[in-house]
A.B. asks: 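Can you keep this structure in mind? I'll have questions shortly.
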Amino acid sequence: MSALHRHRTDALPEEPPASAPRAAAPLLRVEGLSREFGGVLAVADLSFTIAAGTVHSIIGPNGAGKTTLFNLITGVYRPSGGRVLFDGRDVTGMAPYRLAALGLSRTFQNLQIFMNMTAVENVMVGRHRHLDTRLLPALLRLPSLVRRDHAAADRAAELMRAVGLERYVGTDAASMPYGALKRLEIARALAAEPKLLLLDEPAAGLNATEKKEIGAVIRRIADTGITVVLVEHDMKMVMGLSDHILALNYGRKLAEGRPEEVARDPDVVAAYLGSHG
Amino acid sequence: MTHRLLGLGLLAVVLALLPLGLPNNFYLDMAILAGLNAIVCVGLNLLVGFAGQVSLGHAGFFGIGAYATAVLVSTHKWPALLALAAGALLSAVIAFAVARPILRLKGHYLAMATLGIGIIISIVLRTETRITGGPDGMIVDPLNVFGFEVYGERVWYWVVAGLLLVTVWLALNLIDSPVGRALRALHGSEVAAETLGVDTARFKAMVFVLSAVFASVAGSLFAHYAGLITPAKADFLKSVELVTMVVFGGMASTFGAVVGAAILTVLPQLLTVFQDYQHMMLGLILMLTMVFMPKGLLPTLAGLVQARTSLGGRR
Ligand SMILES: Nc1ncnc2c1ncn2[C@@H]1O[C@H](COP(=O)(O)OP(=O)(O)OP(=O)(O)O)[C@@H](O)[C@H]1O
Ligand SMILES: [Mg+2]
């Protein structure tokens, strides 16, 4: 917790009170975004904004297009139409590594851990854009590079502690349990020092205790001022964490608003009953 | 970190003591050839083992280095080190030019594309008879560095051993750096690496170029040492031999690459069966390694030792 705080406080602007109008400058703006797969629209003409400093959840039944939306926002997929604006810039179709440099970070629904590395090295890859990545200094192991690398290792270990993984620091990722790997992805994404963090089903496959812990971790991340977009099927977690919810179905917006509003929305209720019934 | 230097120190000791155990020049010759192959394999392993990108064309870069040296030193009387550097530069330029388009490919497609590069290089070497001497090859002048001539197996041994140590040191440094982590990351998950800010295309090209340069330098030295270079040293079978050494020794293990190169250089020279059926034997070793020892020799042995000691600790 302290680690998370220390790392963001310098960058923390004065938080506006919760009631203040936030319309001024959304961190993320999605305009008419679409993506088609073989004639089927996985995301269809979708528009919404995400205000800085909020926890924004995206819900919807299986196949609603939530992961596809993440892939479009982070540049993994190119949209068939529409625009993505991040921090006031049009970033549509930009390569993922460039978006990362602008402050976009994510986790994956299907774990994308570097299984050929240790846990702390995984997190250190998250520091990539803050390190010296030239070939020659690396080959010669220049002292300046080593110094920054040590600092990166310390920072990575600190982040692992912040998500409750302190006992896995030097462990090979391949021998860690599933629940720990879910957190490792979060620590790795945080290491990049993102402005916007997208979490794709961070609680999927976890037991009740682990879910509560992950919920607390996300709360603490949001408290440091990082804007969080959460895709999650666990409605208790979604309701507990979100400032704002966007509900999707068949790639389209079903409802949007404050958690209580969305939960009461008849279309949302119908979609969920339909998918589970 | 200390672990890293420990391995390097151990290799230095082995290389220093090895000549004492070698009865005559026949064995020294084998050690030199093994050392040159090891230099190529340590570089190739950065590409194949660490970054997870296949290359079936690296003998081509070995050939470019060898022929650059042969042509520039023997025909045009360039200083040897300048010719070596020119060969390395040419290899780097060619590797860089082909890297972006071919490294976008994956799996079999990448294997085919690199195979194609290697074949093109060896065809050029074979057919540009006026410059390269064609299939008969070229005689190469001895290595002469600032007026000091490297001659005889004993001197060559120390030159190659020293260079191998430097190569291993560079590789170990790289692996344990932001670049090395980026390479391993794009192997582990390309999409995750990209979304964490790793320009995967840049790093793939970087390691492809680097491994080509290592191969080229070893090729230049080989040309001087052997005194004769033929296109066979640049052809597909040589490429397969190099990959087999890496896979057999242990992918993503720098010392494994050295051990793999050493064993697969020495075996054919000691066993005549191996020599007569060299290509079949290479195929067999590659297959058996994949099936029974997918991590390769050194990592597998290390795993066994670790398992035994941890068992012993529990008892
Ligand atoms: N790469 C792809 N190729 C073809 N179709 C795809 C691809 N990715 C997603 N789809 C399709 O797009 C639709 C939306 O999938 P997506 O994975 O975005 O849903 P989701 O909301 O994340 O679902 P879940 O809750 O199950 O994770 C689905 O019909 C899926 O089959
Ligand atoms: Mg999904």
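Numbered from 1 within each chain, the chains take letters A, B, ... in sequence-line order.
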A.B. asks: Answer with yes or no whether the side chains of A:Ser80 and A:Glu36 bring together a donor and an acceptor at under 3.5 Å.
C.D. replies: no

A.B. asks: Regarding A:Thr107 and A:Asp200, do their side chains bring together a donor and an acceptor under 3.5 Å, going by distance alone?
C.D. replies: no

A.B. asks: Count the heavy-atom pairs under 4.5 Å between each of A:Leu135, A:Leu131, A:Thr74 and chain B, then report the option with the highest count.
C.D. replies: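 Of the candidates given, the most pairs with chain B belong to A:Leu135.
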
A.B. asks: Quick check on the interface: out of A:Glu185, A:Met115, A:Arg98, A:Met117, who has the most heavy-atom pairs with chain B under 4.5 Å?
C.D. replies: A:Met117

A.B. asks: Nearest 0.5 angstrom please: B:Leu44 CG to B:Phe61 CZ, how far?
C.D. replies: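 Answer for the CG-CZ pair, B:Leu44 versus B:Phe61, is 10.5 Å.
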
A.B. asks: By a 4.5 Å heavy-atom criterion (distance strictly below it), what part of A:Leu102 contacts chain B: side chain, backbone, both, or neither?
C.D. replies: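 Neither part.
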
A.B. asks: Apply side chain to side chain donor-acceptor pair (under 3.5 Å) to the pair A:Thr118 and A:Asp172, showing each step before the final yes or no.
C.D. replies: CA-CA 4 Å; A:Thr118 65; A:Asp172 284 333; 5.7 Å; no

A.B. asks: With a 3.5 Å cut-off and no angle check, do the side chains of A:Thr68 and A:Arg35 form a donor-acceptor pair?
C.D. replies: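 Per modelled atom types, A:Thr68 and A:Arg35 side chains form no pair under 3.5 Å.
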
A.B. asks: Tell me which of these, A:His128, A:Glu121, A:Arg106, has more heavy-atom pairs under 4.5 Å with chain B than the rest.
C.D. replies: A:His128

A.B. asks: Below 4.5 Å, heavy-atom pairs only: which of B:Ala182, B:Gly180, B:Ser177 has the largest tally toward chain A?
C.D. replies: B:Ser177

A.B. asks: Pick one: which of B:Thr200, B:Thr195, B:Asp199 meets side-chain hydrogen bond (donor to acceptor under 3.5 Å, both in side chains) with A:Tyr97?
C.D. replies: B:Asp199

A.B. asks: Less than 4.5 Å to any heavy atom of chain A: does that hold for the side chain of B:Leu172, its backbone, both, or neither?
C.D. replies: neither

A.B. asks: For each of B:Gly52, B:Ala185, B:Ala171, tally heavy-atom pairs with chain A at distances under 4.5 Å, and name the one with the top tally.
C.D. replies: B:Ala185

A.B. asks: Quick check on A:Ala189 against chain B: is it the side chain, the backbone, both or neither that has a heavy atom closer than 4.5 Å?
C.D. replies: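 Only the backbone of A:Ala189 comes within 4.5 Å of chain B.
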
A.B. asks: Is the number of heavy atoms from other residues, nucleotides or ligands within 6.0 Å of CZ (B:Phe96) greater than 12?
C.D. replies: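 Not more than 12 within 6.0 Å, no.
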
A.B. asks: For the candidates A:Ala100, A:Ala95, A:Pro137, which exhibits the highest count of non-hydrogen atom pairs separated by less than 4.5 Å from chain B?
C.D. replies: A:Ala100

A.B. asks: How are the rings of B:His58 and B:Phe208 set to each other: parallel, tilted or perpendicular (split at 30° and 60°)?
C.D. replies: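 The arrangement is perpendicular - the two ring planes meet at more than 60°.
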
A.B. asks: What part of A:Val125 lies closer than 4.5 angstrom to a heavy atom of chain B: side chain, backbone, both or neither?
C.D. replies: both

A.B. asks: So what's closer than 4.5 Å to chain B heavy atoms on A:Asp132: side chain, backbone, both or neither?
C.D. replies: backbone

